[in-house]
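Just dropping this structure here.
If you're wondering where the values come from, they're calculated on a predicted model, not measured in any experiment. Scope of the values below: all heavy atoms of this structure, side chains included, with no hydrogens, waters or symmetry mates. So you know, we letter chains A, B, ... as the sequences are listed, proteins then strands, and number each from 1.
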Amino acid sequence: MEGTIKSKILDADGIRRAITRIAHEIVEKNKGTDRLVLVGIRRRGVPLAERIRQYIEKLEGVQVPLGILDITLYRDDLSTIDIHPVVHETDIPVSIEGKSVILVDDVLYTGRTARAALDATMDLGRPARIQLAVLVDRGHRELPIRADYVGKNLPTSRREIVAVRLQEVDKEEDVLLLEHEEDTSK
Amino acid sequence: MKWQRKDVLAIEDMSVDEIRHILHTAKVMKEILMRPIKKLPTLKGKSVVNLFYEASTRTRTSFEMAGKVLGADTTSIAVAQSSVSKGESLYDTAKTIQAMRADLVIIRHSSSGSAKFLADILDAGVINAGDGQHAHPTQALLDIFTMEEQLGDMNGKKVVIVGDVLHSRVARSNAWCLQKLGVDVTFVGPPTLVPFEMEGLGVKLAHDLDSVLPGADVVMALRLQLERQKSGLFPSLREYSQLYGLTTERLKKTEKQSIILHPGPMNRNVEISDEVADSAQALIERQVTNGVAIRMALIYLLIGGSSNVVA
């Protein structure tokens, strides 16, 4: 991780509680699990969506369909970024036509990823509605986008970095707030 | 890995990592191609020009569709109706296309080396869609993609390529590509069309098809260029067909569920019988679909980002 750790925002228990609450809220707001489809945005949205699915199964005894969305080809910064990102597969096993799609991501920041995910989802069909669930909302939106389910609202400065680490991807389980290594020459 | 190529001209100078990266990207592209709404905004505002000096249906259409699915604007120049017929040189045509701010040029030309010539003068990217007898890299990539899709990792497997190898850029590009990935490659055909000098490519050579079929996982028929008969390279179509034509009976000699490929266009009942061409073993239409996916991958990799480095 680039930057120095300022504080731990959530530990493993904190993440678990946030996800459990989001799972409850999804079921409550959608009045059950009928026509729900969970879609994780690569990369850390995928294990989060999987966990939400497990909680919903515990609560309701229903396995909600789970898909994976790769938004690389929908990014608005493809022609400006330096790196040429590797594309991965999008894999949504059911039709999203007329469904309630819950997009899941780790951090909501500028809203550009969510915008790309909305476009990518809509190219796959016409869902009845799309909702957004995130573990952390750190503010600084650049587009008119908001989340329907938020694990933790976290006011940040733009210099700070929010690092979500999940067991499945990072072999660690926490949310950290980091400060960019300051360039003292400025 | 880092993707740093401006052009794709041949498989020869590609690393295994690059080939793997293209195949991985093509897998993603194929999923997109199979969607009901197959349109992406990825290459909005990029322009791709198809410059085809030789006849082609599938390759040109395939590149055109690939560009369009990714959101690029594609234009095809039919040479017969262009200034080329007034005697414009390849150099000047290329400069003109560059002046129109094309981002990528796809070229097919009867002279070996023409794609390289173009790549050296243009700032735009260049993809070789077949240059003379030299190379046809996108065909080789779609062939290995199709083989692996059906058979899994091809390392250690056996591929037999039958026919007019001498004049075939498809065979040459396949030899490079397959051998880099650890595949055992045999060229087979009459001595006039499979001369011993071709051993330089590292492949095995044979003149008796029946003797090399046992154990073959893939049998690829090449199109017999009928004009070769006039130059005396083989005596008659009937004899050629009897010795080298793929028939159901003959393919039993592989002793396994081999897959049959053909780069098209086919001369039915010459190099491949109707029965084989329309059988479940033949993945000829799948090759065409996969060709679009491979070309999408290459177009994306060449002009999808500002600087072509892969994280």
request  = Would you please name every residue forming a side-chain hydrogen bond (donor to acceptor under 3.5 Å, both in side chains) with B:T42, sequence neighbours left out?
outcome  = none
message = Which residues pass the side-chain hydrogen bond (donor to acceptor under 3.5 Å, both in side chains) test with A:T33, not counting sequence neighbours?
response =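 In terms of side-chain hydrogen bond (donor to acceptor under 3.5 Å, both in side chains), with neighbours along the sequence ignored, A:T33 is linked to no residue.
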request  = Check whether B:K39 gets within reach of chain A through its side chain, its backbone, both or neither, counting any heavy atom under 4.5 Å.
outcome  =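 It is the backbone, since no side chain atom gets that close.
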task = Taking salt bridge (Lys or Arg N to Asp or Glu O under 4.0 Å) as the test, write out the residues that go with B:D92, two or more places apart.
result = none
inquiry  = Which atoms of B:I32 are under 4.5 Å from chain A, going by heavy atoms: the side chain, the backbone, both sets, or neither?
reply    = side chain
task = Considering non-hydrogen atoms only, spot the tightest contact between A:V162 and A:L177 and give its length.
result = CG2-CD1, 4.0 Å
key: Toward chain B: residues of residues 88-114 of chain A with heavy atoms under 4.5 Å   = A:H88, A:E89, A:T90
key: Whether over 12 other heavy atoms sit under 6.0 Å from B:Q257 CD   = no
task = Take B:M147 and B:L178 through the test side-chain contact (heavy atoms from CB on, under 4.5 Å) and record every step on the way to the result.
result = CA-CA 10 Å; B:M147 292 177 207; B:L178 292 170; 3.8 Å; yes
ask   = Going by atom types only, do B:R58 and B:Q287 share a side-chain donor-acceptor pair under 3.5 Å?
value = no
